[in-house]
Amino acid sequence: MHRFLAALTIAFALVGCRGEPQANAQSLGQAALEALVDSVMPSVASATGLPFRSKPAIGVRSREQVRGYLLAKLDQELPPARLEGITAAYRLLGMIPDTLDVGRLIVDLYTEQVAGFYDPDSSMLYAVQGADRTQLRLILAHELVHALQHQYVALDSMMRSRDNADRLAAAQAVFEGQATLVSMFTLVPDTAALANDAFWDTYRDQIRMAQAGMKVFASAPLVIREGLIFPYVGGADFARWWRNNRPGTQPFGPGIPVSTEQVLHPERMGRGDAPVEVRFTDDTSGVMHDDTVGELEIAILRSTLAGIDEVPTDPPMGWGGDRLRVYRSAEGPALVWYTVWDTPRDAATLTTWIAEPLAKRERAGYRTVVEPIVVSGRSGVRVVIAPGSWAGWGALPRVELR
């Protein structure tokens, strides 16, 4: 799953710093945009600690052009077969309704919110026509950080991994979190305030209030809403930790987090708590989707099953690794999910969190089993949600740790 989470939004992982449209928006011409970018670049370079190797190409696009771009990206990054598998997993876990058109929702969300974006494919920085000029300065600072990051790392290829959605979500949070923090440093006169936890508490509240005020965003399922917010809010928290604990280095270097657990709890990364790799041992016959879920999305699942909008992430869960598959069958998709935990108690806690709620969810013709298992000597939990007549029940797929 980029998560499952990130896999749904990864087509646009670097598309935009979202902003609420303003009533006093004005059109911005090419010359004015160039001048605005020139005025922001020195501050971005200084706050990031990296010089620009070149000035990014810049352009202005209408909201209609942006929507066309997003549709093309969706087709490229989430072809129908992949989107079908991801959607099936979310539905079986109860994270989205069966009737939701996920692809359309993602495009509608970004069209509603995007005011500027950096496209790593073309190395172009775009401003959306009609964006508020005051807001646009902050957005350009944010997107200029992405352009700068791309001059030092292969941003486009890093953000297109298909093997581990949780690792991808962690990388997205690093890039967006650094861009959020740096854009604040370039535009907030009192930089001392940025070291104050109260400032960031207010920032988190404002982000959520602004997003909740948008019609499309407010109607989206929790997993989609949290997937959109986490890279900016959780990522900024991580960027602050990195700046305080590893000054003079870049968070996207060799020490980049490899899981959302490490982003949420960077002290664990500091002591070498890396996830284990869980892999299915059988062949891929009939597989619609195969990915990693990760700690963040497990927390979102827990909240979804509990019927709450908040997603508590403290204390750490003790997540060690996981792998999920969705199989195609004549009776309907079948989900098999293995998780591995640091201790038997952590595994038992997960079972308590999700076993009863999942078992209470009725799905016509389906059967749900949540049970403790041992994977290569590690405590684990296996979740199976599949049609009662699914042939796979007789020989459930197995996993190993690598």
Side-chain angles (χ1 to χ4, degrees), residues 9-22 24-45 48 52-78 106-160 172 175-180 182-184 186-187 210-211 214 216-217 228 231-232 235:
T9 59
I10 193 51
F12 323 117
L14 299 175
V15 162
C17 173
R18 301 164 211 20
E20 187 174 3
Q22 303 290 323
N24 64 338
Q26 303 172 11
S27 296
L28 191 68
Q30 183 69 29
L33 179 61
E34 294 271 359
L36 187 54
V37 168
D38 287 341
S39 71
V40 174
M41 283 179 63
S43 297
V44 167
T48 309
F52 278 91
R53 292 173 172 171
S54 61
K55 179 180 176 178
I58 307 160
V60 180
R61 292 292 182 268
S62 67
R63 290 197 175 273
E64 291 72 24
Q65 289 173 315
V66 170
R67 186 176 182 86
Y69 170 84
L70 295 180
L71 288 169
K73 277 291 184 183
L74 184 64
D75 288 340
Q76 176 185 343
E77 304 294 344
L78 281 176
I106 295 299
V107 173
D108 288 347
L109 279 166
Y110 278 88
T111 304
E112 175 184 58
Q113 300 184 55
V114 70
F117 62 93
Y118 174 73
D119 175 21
D121 288 341
S122 61
S123 298
M124 284 282 292
L125 177 64
Y126 293 106
V128 177
Q129 207 168 48
D132 177 76
R133 292 176 69 103
T134 302
Q135 177 198 63
L136 189 57
R137 184 175 178 83
L138 176 64
I139 291 168
L140 287 176
H142 185 109
E143 301 307 323
L144 277 167
V145 178
H146 291 322
L148 185 56
Q149 290 165 341
H150 196 198
Q151 292 180 9
Y152 288 85
V153 296
L155 203 57
D156 46 356
S157 60
M158 286 186 70
M159 298 307 292
R160 283 182 178 161
Q172 184 189 12
F175 291 124
E176 295 293 357
Q178 185 187 38
T180 298
V182 167
S183 62
M184 292 288 191
T186 62
L187 297 174
Q211 299 280 32
M214 296 181 179
V216 179
F217 180 89
L228 291 170
Y232 301 89

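Computed from a prediction, not measured in an experiment: that's the story for all the values here.
Shortest non-hydrogen contact noted between Ala141 and Val44 is O-CG2, 3.8 Å. Between Gly59 and Gln30, the closest heavy-atom pair is CA-OE1, 3.7 Å. Residue Val60 comes nearest to Gln65 through the heavy atom pair O-OE1, 4.3 Å, listed as atom of the first residue, atom of the second, then distance. Of all non-hydrogen atoms in His146 and Ala179, the two that sit nearest each other are CE1-CB, 3.7 Å. Between Ser62 and Val128, the shortest heavy-atom contact is C-CG1, 4.5 Å.
Checked against side-chain hydrogen bond (donor to acceptor under 3.5 Å, both in side chains), Ser122 has the following partners two or more places apart in sequence or in another chain: Asp119. With sequence neighbours excluded, no residue forms a side-chain hydrogen bond (donor to acceptor under 3.5 Å, both in side chains) with Gln76. Evaluation of the side-chain hydrogen bond (donor to acceptor under 3.5 Å, both in side chains) rule for Ser43 yields no partner, not counting sequence neighbours. Residues passing the side-chain contact (heavy atoms from CB on, under 4.5 Å) test with Ala154, sequence neighbours excluded: Asp156, Ser157. Evaluation of the side-chain contact (heavy atoms from CB on, under 4.5 Å) rule for Ala147 yields Pro56, Tyr118 as partners, not counting sequence neighbours.
Looking only at distances, a side-chain donor or acceptor of Gln151 sits under 3.5 Å from a matching main-chain atom of Ser54. Between the side chain of Glu176 and the backbone N or O of Gly235, no donor-acceptor pair lies under 3.5 Å.
A distance of 8.0 Å separates CD of Gln178 from CG of Leu148, quoted to the nearest 0.5 Å. Between the NE2 atom in His142 and the CE atom in Met184 there is a gap of 10.0 Å [rounded to 0.5 Å]. To the nearest 0.5 Å, atoms CZ (Arg61) and OH (Tyr126) are separated by 4.0 Å. Rounding to the nearest 0.5 angstrom, the gap separating the OG atom in Ser39 from the CD atom in Glu34 is 11.5 Å. In this structure, NE2 on His150 lies 14.5 Å from CG on Leu144, to the nearest 0.5 angstrom.
Using a 4.5 Å heavy-atom threshold, the side chains of Leu33 and Leu140 count as touching. For the pair Asp38/Lys55, a side-chain contact is recorded, criterion being any heavy-atom separation below 4.5 Å from C-beta on.
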